[in-house]
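Every chain is numbered from 1, with letters handed out A, B, ... down the list of sequences. Predicted model only: the values in this text are computed from it and were never measured.
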There are 2 protein chains.
Amino acid sequence: MAFDEEQKILDDFVREKGLKHSGQRKDILLTFLKTEKHLSADELYALVKKKNPAIGIATVYRTLKLLCESGLSSELRLGSGAVRYEHFYGHEHHDHLVCVKCGEFIEVVDPEIEKLQERLAAKEDFSLQGHKLLMYGICRKCKG
Amino acid sequence: MAFDEEQKILDDFVREKGLKHSGQRKDILLTFLKTEKHLSADELYALVKKKNPAIGIATVYRTLKLLCESGLSSELRLGSGAVRYEHFYGHEHHDHLVCVKCGEFIEVVDPEIEKLQERLAAKEDFSLQGHKLLMYGICRKCKG
DNA sequence: TCAATTATGATAGTGATTATCATATTCAAC
DNA sequence: GTTGAATATGATAATCACTATCATAATTGA
Ligand SMILES: [Mn+2]
Ligand SMILES: [Mn+2]
Ligand SMILES: [Zn+2]
Ligand SMILES: [Zn+2]
């Protein structure tokens, strides 16, 4: 069975919090991990239902919250509309170029930008904990 | 009467779009301009009502949309919760340090970061139109 | 096996925003 | 100035993405 590491992370998190195990959470986790996309709760719900049609949307929301808390997933908020979730564990930090035409995400990192953010925060005597950088524009494909 | 430039921008925008003028929009604009804060629609509504108690929240939302379209205001989305609006016309582009404790915004710019974003986008053959950089952490005051 | 505790699914409720609609205003043409 | 077609407004219903509630089911340590 794949995704052993990720499953262990969730199991440990659940145990540590005094929670109990459930098949639904496992189904949701595995479905989430199988897709490398930036999914909304609704989109993930649709996918999980193929494997387990009895599942409820509330459980998907509850599980996504656990995945974020345990470090397996992280939120992505663009404009209005639903929050999207992406893999976090085992993925390097990255920022996103978002195509305003087709909605495509391009994942990017620039170590220099990361460093300059630290410098910028330090100048304000601000303890930087994290950041979200979204860059909007037109992707290569959409430029034609 | 102050804010002549801004009023002209809205007037021109309204005329160009074939819309009509209204006192409510003027009240909302002037109230928005008088406050240098990052306001939500509800907060602005509360302020405008002091000057014009008959005004409706729907008109505040409609006007904020016009202000953004005409380049007088721009949206700021942090986490969940209401969208916030800040002055755009006559203000240099800037990004924000957001204190996760007190909610304070610190406005910052780093020309090098701006430039590196362009380089990053160019590398992906992506036409950059804009960006939103939010940096989260603890501000000087909250560190004590 | 048992009992305490947590998980689940259905669904009601919420908060922010948007749509609808009857009425009021604006404004160009007379 | 009056008119009338078009837009604006305020009240409020509707929507969207969640979040809370609750009765029932599953988990788990004793
Ligand atoms: Mn990503
Ligand atoms: Mn600002
Ligand atoms: Zn594209
Ligand atoms: Zn602070």
Side-chain angles (χ1 to χ4, degrees), chain A residues 7 10-32 38-70 73-85, chain B residues 7 10-32 38-70 73-85:
Chain A
Q7 284 193 253
L10 183 57
D11 282 359
D12 289 353
F13 183 80
V14 159
R15 195 167 304 115
E16 211 159 284
K17 278 237 169 184
L19 306 178
K20 295 176 179 180
H21 294 274
S22 87
Q24 288 92 329
R25 286 209 280 242
K26 189 172 169 183
D27 290 343
I28 293 167
L29 172 61
L30 293 178
T31 304
F32 172 71
H38 300 79
L39 292 172
S40 68
D42 251 343
E43 289 164 356
L44 179 56
Y45 175 54
L47 291 175
V48 177
K49 272 209 291 197
K50 290 184 192 168
K51 174 185 292 191
N52 180 348
I55 216 147
I57 180 74
T59 298
V60 172
Y61 277 107
R62 286 188 284 238
T63 301
L64 280 169
K65 201 173 176 190
L66 290 182
L67 298 190
C68 288
E69 288 169 6
S70 63
S73 177
S74 85
E75 291 187 348
L76 207 56
R77 290 167 192 271
L78 342 117
S80 52
V83 172
R84 295 186 166 276
Y85 296 86
Chain B
Q7 286 193 252
L10 184 58
D11 281 359
D12 290 353
F13 183 80
V14 159
R15 194 168 305 114
E16 211 157 285
K17 279 236 168 183
L19 307 179
K20 296 178 176 179
H21 294 273
S22 86
Q24 288 93 326
R25 286 210 278 242
K26 188 172 169 183
D27 290 342
I28 293 167
L29 172 62
L30 292 178
T31 305
F32 172 71
H38 300 79
L39 292 173
S40 67
D42 249 344
E43 289 164 356
L44 179 56
Y45 175 54
L47 291 174
V48 177
K49 272 209 292 197
K50 291 181 189 169
K51 174 186 290 189
N52 180 349
I55 215 148
I57 181 74
T59 299
V60 173
Y61 276 106
R62 288 187 282 237
T63 302
L64 280 170
K65 201 173 176 191
L66 290 182
L67 298 190
C68 288
E69 288 170 7
S70 64
S73 177
S74 85
E75 292 187 348
L76 206 55
R77 291 168 192 269
L78 341 116
S80 51
V83 172
R84 294 187 166 277
Y85 297 85

Given atom [atom1] of [X] and atom [atom2] of [N], what is their separation to the nearest angstrom?
X	N	atom1	atom2	answer
A:L64	C:dT8	CG	P	12 Å
B:L66	D:dT7	CG	P	13 Å
B:H21	C:dT25	NE2	C1'	13 Å
B:E75	C:dT18	CD	C1'	14 Å

Q | Partner set under salt bridge (Lys or Arg N to Asp or Glu O under 4.0 Å) for A:R77, not counting sequence neighbours | A |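 Here the qualifying residues are A:E75.
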
**Q.** Residues that B:R62 engages under salt bridge (Lys or Arg N to Asp or Glu O under 4.0 Å), provided they are two or more places apart
**A.**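 Scan of B:R62 (salt bridge (Lys or Arg N to Asp or Glu O under 4.0 Å), adjacent residues dropped) gives none.
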
Q) Quick one: the side chain of A:K20 and the base of C:dT6, do they pair up donor-acceptor inside 3.5 Å? A)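 It does not, because no donor-acceptor pair links the side chain of A:K20 to the base of C:dT6 below 3.5 Å.
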
Q | Residues forming a side chain to side chain contact (heavy atoms under 4.5 Å, CB included) with B:D11, sequence neighbours excluded | A |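 So B:D11 forms a side chain to side chain contact (heavy atoms under 4.5 Å, CB included) with B:R15, B:H21.
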
Q: Only counting residues at least two apart or in another chain, list the ones meeting side-chain hydrogen bond (donor to acceptor under 3.5 Å, both in side chains) with B:S70.
A: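 Partners of B:S70 under the side-chain hydrogen bond (donor to acceptor under 3.5 Å, both in side chains) test: none.
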
Q. Quick one: side-chain hydrogen bond (donor to acceptor under 3.5 Å, both in side chains) partners of A:T31, sequence neighbours excluded?
A.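 A:T31 satisfies side-chain hydrogen bond (donor to acceptor under 3.5 Å, both in side chains) with no residue once adjacent residues are dropped.
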
Q: Quick one, give me the B/S/- string for nucleotides 9-22 of chain D, reading 5' to 3', where B means a protein heavy atom under 4.0 Å from the base and S means that only happens at the primed atoms, P, OP1 or OP2.
A: BBB-----SBB-B-

Q: Of all the heavy-atom pairs spanning A:G56 and A:Y45, show the shortest one and how long it is.
A: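 Between these two residues, the closest heavy atoms are C-CE1, 3.7 Å.
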
